[in-house]
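Working notes, structure below.
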Protein chains: 2
Amino acid sequence: MAVANIFKALGDPVRLEIVARLSDGSTYTIGRLSEDLGVSRQGARKQIQALVTADVIELHPAGRETHVSLNAASLQEARRFITQLEKQWDQRLLALKQLVEE
Amino acid sequence: MAVANIFKALGDPVRLEIVARLSDGSTYTIGRLSEDLGVSRQGARKQIQALVTADVIELHPAGRETHVSLNAASLQEARRFITQLEKQWDQRLLALKQLVEE
DNA sequence: ATTATATGCAACTAAATGGTTGCATAAATT
DNA sequence: AATTTATGCAACCATTTAGTTGCATATAAT
């Protein structure tokens, strides 16, 4: 289950906050992004790295700073997975309803 | 970020498999559900408990067995969260595109 | 009553996780 | 050239996690 890695990456308050910030499309440097997360810069950096490893965000070095951006494809994959589960669920409910109405 | 707990619950292969099975709407006992997951019954039971704690599934005791069912509301919450992020992302892309076209 | 089944509970282990601090270094600024 | 800034790397620590095994217990079947 490759998508489990994406969910896992989203399953931490600090990492989810990072992703939420990036989803506004702005460009952040690692330093900027690390502010106000309630952890040290290096603590934030580790979570950023976790998101990179899970392919949820990307790093783009530029001079002495590094820009961070979202990989929207991962979000999409996660959403599609859930949508698929919900679809099965809804179909089951429909089948049950029809059974009762007979 | 309450939704982080749901993502965390989905962020493990065994747990995600459990959720995927339950999404077909069938009723499983804990024992049935624990089969073929590649871990011991107690190992599976711990993951089931983790999903219960995260409010992703529910247990319904019945005699000597316990039935397990999905809480579709949690899935929906997770999906809606991602959808919201994607929305912001898409709006940003649109704004950038318009900027270029000027 | 005995046996089989479904489940629960507890102790234990190894590895992963989330966080820290300290120091190093490359790039930009003065 | 000296300083400031942005970042990286490594060691360390406490807690959580994912898994195990062993034993207990309540319900159902024979």
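Here is the naming used below: chain letters follow the sequence lines, and residue numbers restart at 1 for every chain. What's counted below: heavy atoms across the whole structure, side chains too, no hydrogens, waters or symmetry copies.
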Legend entry - Side-chain N or O of A/Arg15 closer than 4.0 Å to phosphate OP1/OP2 of C/dG18: yes
Inset, instruction - May I ask you to verify if any side-chain N or O of B/Arg45 is less than 4.0 angstrom from the OP1 or OP2 atom of C/dG8? - result: yes
Inset, instruction - Using whole Å, report how far CG of B/Leu10 lies from P of D/dA18. - result: 13 Å
Inset, instruction - Verify the distance criterion only: is there a donor paired with an acceptor across the side chains of A/Arg92 and A/Gln88 at less than 3.5 Å? - result: no
Inset, instruction - Please report, rounded to the nearest Å, how far the P atom of C/dA15 is from the CG atom of B/Asp12. - result: 17 Å
Inset, instruction - Go through the steps for B/Gln84 and B/Arg80 under the test side chain to side chain donor-acceptor pair (under 3.5 Å), then give the verdict. - result: CA-CA 6 Å; B/Gln84 185 58 33; B/Arg80 291 177 74 89; over 6 Å; no
Legend entry - Under 4.0 angstrom between B/Gln47 side-chain N/O and D/dG19 OP1 or OP2: yes
Inset, instruction - Could you tell me the separation between the CG atom of B/Leu59 and the P atom of C/dC9, rounded to a whole number of Å? - result: 11 Å
Legend entry - Side-chain N or O of B/Lys8 closer than 4.0 Å to phosphate OP1/OP2 of D/dT17: yes
Inset, instruction - Would you classify A/Gly43 as touching base, sugar-phosphate or nothing, given that sugar-phosphate means primed atoms plus P, OP1 and OP2, and contacts are heavy atoms under 4.0 Å? - result: base
Inset, instruction - May I have the distance from A/Glu35 (atom CD) to D/dT7 (atom C1'), rounded to whole angstrom? - result: 14 Å
Inset, instruction - Ignoring the backbone of B/Val39, work out which of C/dG8, C/dG19, D/dT20 is nearest its side chain. - result: D/dT20
Inset, instruction - State whether A/Ser40 places a side-chain N or O below 4.0 Å from either non-bridging phosphate oxygen (OP1 or OP2) of C/dT20. - result: yes
Inset, instruction - Mind calculating the distance between CZ (A/Arg41) and C1' (D/dC9) to the nearest angstrom? - result: 10 Å
Inset, instruction - Using heavy atoms to find the nearest nucleotide of DNA chain C for B/Lys46 and B/Gln42 separately, return the residue whose nucleotide is more 5′. - result: B/Gln42
Legend entry - Ring geometry between B/Phe81 and B/Phe7 (parallel below 30°, tilted from 30 to 60°, perpendicular above 60°): perpendicular
Legend entry - Under-3.5 Å donor-acceptor pair between A/Gln49 side chain and D/dG8 base: no
Legend entry - B/Glu65 CD - D/dA28 P separation (whole Å): 9 Å
Inset, instruction - Identify, between B/Ile30 and A/Ala50, the residue whose nearest nucleotide on DNA chain C lies closer to the 5' end. - result: B/Ile30
Legend entry - Closest non-hydrogen atom pair, A/His60 against A/Ser69: CE1-OG, 3.2 Å
Inset, instruction - Return the value, rounded to whole Å, for the distance between atom CD of B/Glu17 and atom P of D/dG19. - result: 13 Å
Inset, instruction - Could you check whether B/Gly63 gets within reach of a base, just the sugar-phosphate, or nothing at all, counting any heavy atom under 4.0 Å? - result: sugar-phosphate
Inset, instruction - Round to the nearest Å and state the distance from B/Arg64 atom CZ to D/dT30 atom C1'. - result: 12 Å
Legend entry - For A/Asn71, the option from A/Val56, A/Leu51, A/Asp55 that meets side-chain contact (heavy atoms from CB on, under 4.5 Å): A/Asp55
